Amino acid sequence: MLDITEVRIKRIDKGNFLGYASICIADSIVIKEIKLFNSKDGKYIIMPGQKVKEQNRIRNFVYPIKEDVRLEILEKILEKYNEETE
């Protein structure tokens, strides 16, 4: 379980793209540029990365190895997103 101590949202609301999130873990590490999207199956995140032209793919800089950690990050981001929507 992560100790996510802060979440910030930059709303964009452009089609399925809802915006960017930044999280702070244990008041020590910040992860920026987490993208938040909406789909027919629900909301999901894409971790920060960079396009690799030669391979035509995105290489993530930071990513959770375990699915439960990804879901925890998504849950915290959605809490803040929904808080700011109300």
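In this text, all values refer to a predicted model and were calculated from it rather than measured experimentally.
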Worksheet item: How far apart are the C-alpha atoms of D68 and K66, what are their side-chain angles, what is the distance that settles it, and do they pass the salt bridge (charged side-chain N to carboxylate O under 4.0 Å, His left out) test?
Response: CA-CA 6 Å; D68 60 328; K66 297 181 178 179; 5.9 Å; no

Worksheet entry | Pair E83-I9, side-chain contact (heavy atoms from CB on, under 4.5 Å): steps then yes or no | CA-CA 10 Å; E83 201 177 278; I9 301 290; over 6 Å; no

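Side-chain heavy atoms closer than 4.5 Å link hydrophobic residues (I, L, V, M, F, W, Y) into clusters, and following such links, even through other members, never connects V30 to L2. Both V62 and V69 are assigned to one and the same hydrophobic cluster, defined by single-linkage of ILVMFWY side chains at heavy-atom distances under 4.5 Å.
Cluster partners of M1: none. The rule joins Ile, Leu, Val, Met, Phe, Trp and Tyr whenever side-chain heavy atoms lie under 4.5 Å apart, and it links nothing here.
Among residues two or more places apart in sequence or in another chain, the salt bridge (Lys or Arg N to Asp or Glu O under 4.0 Å) test is passed with K76 by none. Residues forming a side chain to side chain contact (heavy atoms under 4.5 Å, CB included) with K14 (at least two apart in sequence, or on another chain): I12. Contacts of K40 classified as side chain to side chain contact (heavy atoms under 4.5 Å, CB included), with partners at least two apart in sequence or in another chain: none. Take D41 and apply the salt bridge (Lys or Arg N to Asp or Glu O under 4.0 Å) test, not counting sequence neighbours, and it matches no residue. Listed by chain and number, the residues in a salt bridge (Lys or Arg N to Asp or Glu O under 4.0 Å) with R70 amount to none (sequence neighbours excluded). When the side chain to side chain contact (heavy atoms under 4.5 Å, CB included) test is applied to K43, the partners found at least two apart in sequence or on another chain are L18, L36, N38, L78, Y81. Residues meeting the ring-ring contact (aromatic ring centres under 6.0 Å, His included) test with F37, sequence neighbours left out: F17, Y44. With sequence neighbours excluded, the residues that form a side chain to side chain contact (heavy atoms under 4.5 Å, CB included) with L71 are E67. Remark: E79 pairs with no residue by the salt bridge (Lys or Arg N to Asp or Glu O under 4.0 Å) rule, at least two apart or across chains.
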Run the side-chain donor-acceptor check on residues 20-27: report pairs under 3.5 Å with partners two or more places apart or on a different chain.
{"from": "D27", "atom 1": "OD1", "to": "T5", "atom 2": "OG1", "distance (Å)": "3.0"}

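A 6.0 Å sphere centred on CZ of R11 holds more than 12 heavy atoms belonging to other residues, nucleotides or ligands. Around atom OH of Y63, no more than 12 heavy atoms belonging to other residues, nucleotides or ligands sit under 6.0 Å away.
In this structure, M47 and P64 approach most closely via the heavy-atom pair CG-CD, 3.8 Å.
Annotation: the span from I34 atom CD1 to I77 atom CD1 amounts to 4.0 Å, rounded to 0.5 Å. Between the NZ atom in K10 and the CD atom in E33 there is a gap of 8.0 Å [rounded to 0.5 Å].
Listed by first and then second residue, the side chain to side chain donor-acceptor pair (under 3.5 Å) pairs involving residues 48-59 are Q55-R57 (not counting sequence neighbours).
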